[in-house]
Protein chains: 2
Amino acid sequence: MTAAEEQPGSAAHVLELVATGTARSRADLVRELGLAASTVSARVQELVDAGLLTESGEGASRGGRRPRLLRVPDGGTVALAADLGSHHIRTGAVGLTGTGFDIDECALDLTTGPEPAVGLLAGRLTALADRQRAAGRTVCGAGIGFPGPVDPVSGRVVAPSRMPGWHLYELRDRLAELIGLPVLVDNDANVLALGEHRAAHASLRHLVVVKAGRGIGSGVISHGRLYRGARGCAGDISHVRVDAAAERPCSCGNIGCLESVASGAAIAAALRGQGIEADSTTDILRLVEDGEPHATTLVRQAGRHIGGVLGVVVNFFNPEAVVLGGALAAAEPLVAAVRGVLYERCLPMATSELAIVAASCGPDAGLLGAGHAALRELAAEGGLPALPVVRT
Amino acid sequence: MTAAEEQPGSAAHVLELVATGTARSRADLVRELGLAASTVSARVQELVDAGLLTESGEGASRGGRRPRLLRVPDGGTVALAADLGSHHIRTGAVGLTGTGFDIDECALDLTTGPEPAVGLLAGRLTALADRQRAAGRTVCGAGIGFPGPVDPVSGRVVAPSRMPGWHLYELRDRLAELIGLPVLVDNDANVLALGEHRAAHASLRHLVVVKAGRGIGSGVISHGRLYRGARGCAGDISHVRVDAAAERPCSCGNIGCLESVASGAAIAAALRGQGIEADSTTDILRLVEDGEPHATTLVRQAGRHIGGVLGVVVNFFNPEAVVLGGALAAAEPLVAAVRGVLYERCLPMATSELAIVAASCGPDAGLLGAGHAALRELAAEGGLPALPVVRT
DNA sequence: TCTTCTTTCTTCGGCGATCGAATAAAGAAG
DNA sequence: CTTCTTTATTCGATCGCCGAAGAAAGAAGA
């Protein structure tokens, strides 16, 4: 059962079930949705007529008539997607089945201000859109994950740390103007959470997805939906005070933040302070894999600090799973340290059935999430009928 | 607009709007619910026929025909309610308008095990029910707030600390059997959150309600509904590790928990250690009001520790309000300390519109919440038609 | 081979919730 | 004394969904 919190039987819900493989025939849908067979048949017929669903042969009999298999045609609609990091961007197209096409990464320094970055991003997205259209696909919009706070209503960047010039930048509207498509912008941890939830944990209703990379963020799924909080900044664990960070100043202007001891940026800085060359999270990962002791220690300690904060979160929020994503989650010591601290500190009731796992989609998770979000929210404008906008 | 997350137009939703004064006439309901006037009229008629709603005269004209005012009759249905503390119980009846009747408190030591306590509770509730029936009211069930973890599905107590003999006790079913009415049991912080949300913050969707008394707990409202988490233990902030608690052992078996330095029990113990007589939270409050310096310092420090944990919660959950309830919330220094720490440590974005307030219903908040919850969940069985069970 | 049962899917009539237009009631404003 | 506004009801019409009946197609046993 998918945890999508839509009306059961909505077009989006049916597509979701078929796309994820949860349901392969009308009979499956009847079981999953709990609706009458007649209703499901009617709904499926609509979707087939609209070209959003196709029948593809028959499946194996289970003792009776063979089911007529349903498929989401991959050649149909896609959304462009971009996962922005502070020093690179990853772009690609995402289809209704959740598959990514034409995924590509390039260096891009967001810290030099919005205009040049957005220009380059728009260029890449436009080229990508052209290639997708040439392949016969319809492009319905673009979803962007941005490494800083975003107001999801206005699509503006709000007070990002370490990225001067971006405050209140109208990223969504500016980009939409440049590429001529509807655009959805959200925080990178939020799109990561959406992606992981859809791809690997669709049946879970309460989920915390941590993005540990150059910075630290988290996205929250509550009641099966992205939880944003009152002002849209829910999931921030980066600027929580940690004793180990003591008086250390943070980019946010406060002192003692988790980010100042446990982020990729902080680890790299600490390594450089010990005379070890390290700049990006990739460098850190390489050092850990090479068994460099300082790097391993720092990463493990970062995991402990993150675990300490997550301990509060797990007790308070009592999620079904904590998913560790972002570049640093590829480092085993970090994952192990988080696990250890959580099991040690949290209530048995909160951890007894808690899954603590690394993200399953690897580096593409955020990208796929951004595309997925765009497909859902923008499909209506782009030609899909009756895909309701999922609101939080 | 109420944040009740029901189907718009459900019987419960209509009652809620009228009971809270949000809507006073059919026309108001049309505006609030966004339904067609004909639909609202029909729904209201049903409720009037069922005796759940009455017409009471006409209101002032706003330039046209005068509205026919609607009222929730207080003489109608009530739920019994009990707010259990570890050393006392508070009982009363709660009407559909949210008013409490016949509220009373008496000493009762839960730590001596379930059977005697439940016997006494059942006796008081039965007497209460008789008095309510004598007053012409219908009693539809009882709602109980219990000071420990409760499995809301089975109505069983789960692993409460400091209360031997209660583990897996079938509190709901046992009590239902004794008083002959349907019973709802939930954690005390949860019912407190429900009560405060309904009485004072009905328009807010994301809310954290802290109960600081002999122990520390919190109830979470997310998307306008009580949030329980995966295993039903969401909102636990009591057993979060706090550095100031160092190696101090906690009743949960772990060390360094918030509870061991910031709970009423811990403060009282510390005072006794300084030769000051203090046993209950009432004693502590009295000492603080008398200006006893040690007590004031301890309470203020408890507030700081609670604030430290809430800082993580506020950044992560980004609620619209933090409500401080429980006996200790009546101590100004505690509220002030929490405020100070939150404003100092949290993201500006998370605190700029955050309300940090003491509970508005005082000592009755939990009781009213328990009654409210019971009315909603049990009304169907007790004669109210179509009051849907609100699930989390 | 010939039933009988299972599974899958469609057709069709009907129910219930809701809507919208028309109407009525009652007062405000000119 | 007419016209407009607000409030409330009545009455078809519509829409989504359900459930019964049946059709299609195969499995399994006699």
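Here the structure is a predicted model, which means the values were calculated and not measured. In what follows, chains are A, B, ... by sequence order, proteins preceding strands, each numbered from 1.
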Taking B:His223 for its side chain and B:His206 for its backbone only, find out whether a donor-acceptor pair lies under 3.5 Å. no

Work out which heavy atom in B:Ala374 is nearest to a heavy atom in B:Ala79; give both atom names and the distance. CB-CB, 3.8 Å

Of the listed nucleotides D:dC18, C:dC19, D:dT9, the one nearest the side chain of A:Ser38: D:dC18

By salt bridge (Lys or Arg N to Asp or Glu O under 4.0 Å), which residues pair with A:Arg24, not counting sequence neighbours? none

Quick one: which protein N/O atoms are closer than 3.5 Å to N/O atoms of nucleotides 22-27 of chain C? Pair and distance per line, please.
{"from": "C:dA25", "atom 1": "N3", "to": "B:Arg65", "atom 2": "NH1", "distance (Å)": "3.4"}
{"from": "C:dA26", "atom 1": "N3", "to": "B:Arg65", "atom 2": "N", "distance (Å)": "3.4"}
{"from": "C:dG27", "atom 1": "OP1", "to": "B:Arg66", "atom 2": "NH2", "distance (Å)": "2.7"}
{"from": "C:dG27", "atom 1": "N2", "to": "B:Gly63", "atom 2": "O", "distance (Å)": "3.4"}

Nearest whole Å is fine: how far is D:dC17 P from A:His13 NE2? 13 Å

Residue-phosphate contact under 4.0 Å: A:Arg26 side-chain N/O, D:dA24 OP1/OP2: no

Return a table of donor-acceptor pairs under 3.5 angstrom between the side chains of residues 92-101 of chain A and protein atoms on other chains or two or more places apart.
{"from": "A:Thr97", "atom 1": "OG1", "to": "A:Asp74", "atom 2": "OD1", "distance (Å)": "3.0"}
{"from": "A:Thr97", "atom 1": "OG1", "to": "A:Thr99", "atom 2": "N", "distance (Å)": "3.4"}
{"from": "A:Thr97", "atom 1": "OG1", "to": "A:Thr99", "atom 2": "OG1", "distance (Å)": "2.4"}
{"from": "A:Thr99", "atom 1": "OG1", "to": "A:Asp74", "atom 2": "OD2", "distance (Å)": "3.4"}

Just the rounded figure in Å: distance from P of D:dC18 to CG of A:Leu29. 13 Å

In whole angstrom, give the distance that lies between atom CG of A:Leu33 and atom C1' of D:dG16. 14 Å

Rounded to whole angstrom units, what separation is found between the CZ atom of B:Arg24 and the P atom of D:dA8? 12 Å

Can you sort out the partners of B:Arg68 under side-chain contact (heavy atoms from CB on, under 4.5 Å), two or more places apart, ordered by chain and number? B:Arg26, B:Glu55, B:Glu58, B:Arg65

Specify the residue among A:Arg62 and A:Ala37 whose closest nucleotide of DNA chain D lies further upstream toward the 5′ end. A:Ala37

Figure out the CD/P separation between B:Gln45 and D:dT7, and round it to whole Å. 18 Å

Of the nucleotides C:dT8, D:dT9, D:dC17, which has the atom closest to the B:Arg68 side chain? D:dT9

Closest to the B:Ser41 side chain, choosing from D:dT9, D:dC18, C:dC19: D:dT9

If each of B:Ala42 and A:Asp28 is mapped to the nucleotide of DNA chain C with the nearest heavy atom, which maps nearer the 5' terminus, i.e. the 5' end? A:Asp28

To the nearest angstrom, the CD-P distance between B:Glu46 and C:dG16 comes to 12 Å

Between P of C:dA17 and CZ of B:Arg43, the distance in whole Å: 7 Å

Residue matched to C:dG30 through Watson-Crick or wobble contacts both under 3.5 angstrom: D:dC1

The salt bridge (Lys or Arg N to Asp or Glu O under 4.0 Å) partners of B:Asp28 (sequence neighbours excluded) come to B:Arg31

What residues, two or more places apart in sequence or in another chain, satisfy side-chain contact (heavy atoms from CB on, under 4.5 Å) together with B:Ser360? B:Glu196, B:Ala200

Hey, is the side chain of A:Ser25 poking within less than 4.0 Å of OP1 or OP2 on C:dT8, counting only N and O atoms? no

